[in-house]
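In what follows, a single structure is set out as structure tokens and then discussed.
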Amino acid sequence: MSELKGIPVVAEASRARSGEKYLTPHGFTAVRDGIKTPRSGDSARGMSKGQRLPAWLRARAPTGAGFHQVRALVRQHRLATVCEEAHCPNIGECWNAGTATIMLMGAVCTRACRFCSVDTGNPRGWLDAEEPENAARTVELMKLRYVVLTSVDRDDLPDGGAAHYAACVRAIKRRNPGTAVEALTPDFCGVLTDVSTVVDSGIEVFAQNIETVRRLTHPVRDARAGYEQTLAVLAHAKRHRPTVLTKSSLMLGLGETDAEIEATLGDLRAAGVDLVTLGQYLRPTLNHLPVERFVTPAEFDRYRERALARGFLECVSGPLVRSSYRAEQALNRNNAGLDNTRLASEKKAV
């Protein structure tokens with residue numbers, strides 16, 4: 001085991017535990033799960049180690065032929081998926097349906113948001129030049145009609161990775177002209193010319209997540225992110241190309257109030273956002289922020305009604321909803337097929 005500035009560095013990523021630094025195959029260091037292990041008595045206060053999940057949040061373990069087929073394709077083409085990197089609870093459901101959210105520009109983010117389990121570090125400009133064609137081939141092999149592309153934040157790149165992101169979209173469109181593309185992007189540090197680069201690449205949906213209410217933006221998000229910055233990015237995308245649908249997502253259960261949720265929905269609509277998703281925050285590791293409350297399925301239905309009343313084209317709202325959950329159904333106006341009332345009653349019967 002080597003050291004960097006006196007901190008032990010695990011030589012192999014597969015051996016690193018949550019919160020440990022490790023050396024990536026590309027020669028830079030990263031922190032497993034994004035947040036360093038706290039020192040004894042540090043941020044461990046208030047950790048809910050014995051906290052039990054409500055029945056409606058217990059997703060099935062990922063299995064099935066479809067799941068294994070998608071995983072094999074992802075491995076073969078060296079693609080990172082947010083499904084895996086962010087420990088998404090819907091990975092089994094989505095992958096068995098033959099869909100996946102592809103994460104571009106590697107699996108190491110330059111930011112360290114306290115809700116997110118993606119590894120953090122400084123890739124120092126590294127990019128996979130073959131990624132655009134690899135992504136396009138994978139979309140073709142999976143026969144996707146709708147694909148969500150997301151990425152880590154790449155503050156180490158002059159344009160935040162916008163040109164590479166756009167190259168991936170164009171490659172997918174060349175090989176799969178009938179496939180709709182949703183881009184769930186970084187905020188590009190608020191540089192609007194970089195936002196335009198992605199919006200002009202041929203996408204149908206542009207998404208940037210607000211994540212939480214204004215009051216909780218810090219400490220929930222990295223200091224380089226910002227509530228107003230996200231709103232400005234979304235507003236610019238809509239102004240720049242009005243035919244592109246804009247989308248954002250809000251996690252609940254971090255201590256926000258109903259009034260703050262209402263205010264955030266209002267701010268998103270004022271920025272021209274068309275689609276919004278609401279889901280339960282789930283703590284990925286004990287080094288991350290604790291869950292303050294579990295929002296009930298009935299509450300998610302109520303929040304959806306409030307969002308639709310504000311004029312959103314759709315609000316997909318439910319305990320296990322994530323920003324890219326059933327994204328291809330966003331305009332079906334049926335909560336992407338979710339029935340929160342039945343979900344609650346079925347889990348009670350278990």
Side-chain angles (χ1 to χ4, degrees), residues 34 82 86 109-116 118 120 150-162 165 182-200 203 205-242 244-279 281 288-289 292 303 306-307 309-317 322-324:
V82 76
C109 186
T110 51
R111 299 187 186 180
C113 296
R114 294 189 64 204
F115 68 88
C116 181
V118 173
T120 189
T150 189
S151 79
V152 291
D153 279 281
R154 289 297 302 271
D155 299 307
D156 59 309
L157 299 171
D159 66 348
Y165 209 120
E182 175 177 321
L184 173 56
T185 75
D187 60 21
F188 302 112
C189 294
V191 179
L192 300 184
T193 53
D194 295 334
V195 176
S196 298
T197 296
V198 176
V199 173
D200 289 338
I203 59 175
V205 179
F206 177 88
Q208 220 287 300
N209 288 344
I210 197 84
E211 306 293 10
T212 189
V213 299
R214 186 191 300 270
R215 176 178 59 87
L216 297 175
T217 295
H218 304 127
V220 170
R221 302 175 71 185
D222 186 275
R224 286 162 287 187
Y227 187 89
E228 293 295 342
Q229 185 164 280
T230 291
L231 290 174
V233 165
L234 288 163
H236 174 77
K238 194 63 178 178
R239 284 195 307 269
H240 184 71
R241 193 167 290 274
V244 168
L245 292 172
T246 50
K247 179 179 176 181
S248 196
S249 183
L250 188 65
M251 299 177 294
L252 304 182
L254 284 161
E256 69 288 329
T257 66
D258 278 13
E260 289 175 320
I261 295 170
E262 287 277 3
T264 303
L265 292 173
D267 290 339
L268 290 171
R269 277 302 296 142
V273 173
D274 301 300
L275 308 167
V276 66
T277 67
L278 305 175
Y281 167 67
H288 291 77
L289 290 171
E292 295 296 332
Y303 294 137
R306 291 181 180 180
R310 285 189 172 273
F312 289 98
L313 294 179
E314 177 60 298
C315 171
V316 179
S317 178
R322 296 297 178 266
S323 53
S324 56

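Numbers here are sequence positions counted from 1. As the structure is a computational prediction, the values presented were derived from the model and not from experiment.
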### Task
With rounding to the nearest 0.5 Å, note down the distance linking CG in Leu157 to CZ in Phe188.
10.0 Å

### Query
At their closest point, which heavy atom of Leu192 faces which heavy atom of Ala232, and how far apart are they?
CD2-O, 4.1 Å

### Query
Do Asp155 and Arg224 pass the side chain to side chain contact (heavy atoms under 4.5 Å, CB included) test, and can you show the C-alpha distance, the side-chain angles, and the key distance before you say yes or no?
CA-CA 9 Å; Asp155 299 307; Arg224 286 162 287 187; 3.7 Å; yes

### Message
Between Thr110 (side chain only) and Asp156 (backbone N and O only), is there a donor and an acceptor less than 3.5 Å apart?
### Response
no

### Query
Does a donor on one side chain sit under 3.5 Å from an acceptor on the other, for Ser249 and Thr277?
yes

### Query
Where do Cys189 and Arg111 come nearest, in terms of heavy atoms and distance?
SG-NH2, 3.6 Å

### Message
With a 4.5 Å cut-off on side-chain heavy atoms, are Thr185 and Ser151 touching?
### Response
no

### Side-chain donor or acceptor of Lys238 paired with backbone N/O of Val244 under 3.5 Å
yes

### Cys315 side, atom SG; Leu265 side, atom CG - distance, nearest 0.5 Å
7.0 Å

### Task
Output yes when Asp274 and Lys247 qualify as a salt bridge under the 4.0 Å nitrogen-oxygen rule, no when they do not.
no

### Task
Could you tell me whether the side chain of His236 and the main chain of Val195 form a donor-acceptor pair under 3.5 Å?
no

### Query
Would you say Ile203 and Arg241 make side-chain contact, with heavy atoms under 4.5 Å?
no

### Query
Does Thr246 reach the main-chain N or O of Phe206 with its side chain, forming a donor-acceptor pair under 3.5 Å?
no

## Note on the structure
Output for pair (Ser323 OG, Ile210 CD1), nearest 0.5 Å, gives 13.0 Å

### Task
Determine, step by step, whether Glu262 and Arg310 satisfy the side chain to side chain contact (heavy atoms under 4.5 Å, CB included) criterion, reporting the C-alpha distance in whole Å, the side-chain angles of both residues, the deciding distance to 0.1 Å, and the verdict.
CA-CA 9 Å; Glu262 287 277 3; Arg310 285 189 172 273; 3.4 Å; yes

### Query
Between the side chain of Asp153 and the main-chain N/O of Pro186, is any donor-acceptor distance below 3.5 Å?
no

### Task
For Asp194 and Pro158, work out which heavy atoms get closest and say how close.
OD2-O, 4.4 Å

### Task
Keeping the roles fixed (side chain from Gln229, backbone from Tyr227), state whether a donor-acceptor pair exists under 3.5 Å.
no

### Message
Looking at every heavy atom in both Ala183 and Val198, which two are closest together, and how far apart are they?
### Response
CB-CG1, 4.0 Å

### Query
Thr120 side chain to Cys109 main-chain N or O, any donor-acceptor pair under 3.5 Å?
yes

#### Entry: His288 NE2 to Cys116 SG distance, which is reported to the nearest 0.5 Å
6.5 Å

### Message
Please find the pair of heavy atoms, one from Glu256 and one from Leu216, that lie closest to each other, and give the distance.
### Response
N-CD1, 3.6 Å

### Ile261 side chain reached by Arg306 side chain, heavy atoms, under 4.5 Å
no

### Message
Would you compute the distance between atom CZ of Phe312 and atom CG of Leu268 and round it to the nearest 0.5 angstrom?
### Response
5.0 Å

#### Entry: Side chain to side chain, Thr264 and Arg214, heavy atoms closer than 4.5 Å
no

#### Entry: Heavy-atom closest contact (Gly190 atom, Val233 atom, distance)
CA-CG2, 4.2 Å

### Task
Could you tell me whether Asp159 and Arg154 have a side-chain N and a carboxylate O separated by less than 4.0 Å?
no

### Query
Do the side-chain N and O atoms of Thr230 and Arg221 include a donor-acceptor pair separated by under 3.5 angstrom?
yes

### Residues Asn209, Leu184; criterion side chain to side chain contact (heavy atoms under 4.5 Å, CB included); working and verdict
CA-CA 8 Å; Asn209 288 344; Leu184 173 56; 3.6 Å; yes

### Message
Quick one about Asp187 and Gln208 (side-chain donor to acceptor, distance below 3.5 Å, no hydrogens or angles considered), yes or no?
### Response
no

### Task
List the steps and the verdict of side chain to side chain contact (heavy atoms under 4.5 Å, CB included) for Tyr281 and Leu252.
CA-CA 6 Å; Tyr281 167 67; Leu252 304 182; over 6 Å; no

### Query
Is any side-chain heavy atom of Leu254 less than 4.5 Å from a side-chain heavy atom of Leu289?
yes

### Query
In terms of side-chain geometry, is the basic nitrogen of Glu260 or Arg215 positioned less than 4.0 Å from the acidic oxygen of its partner?
yes

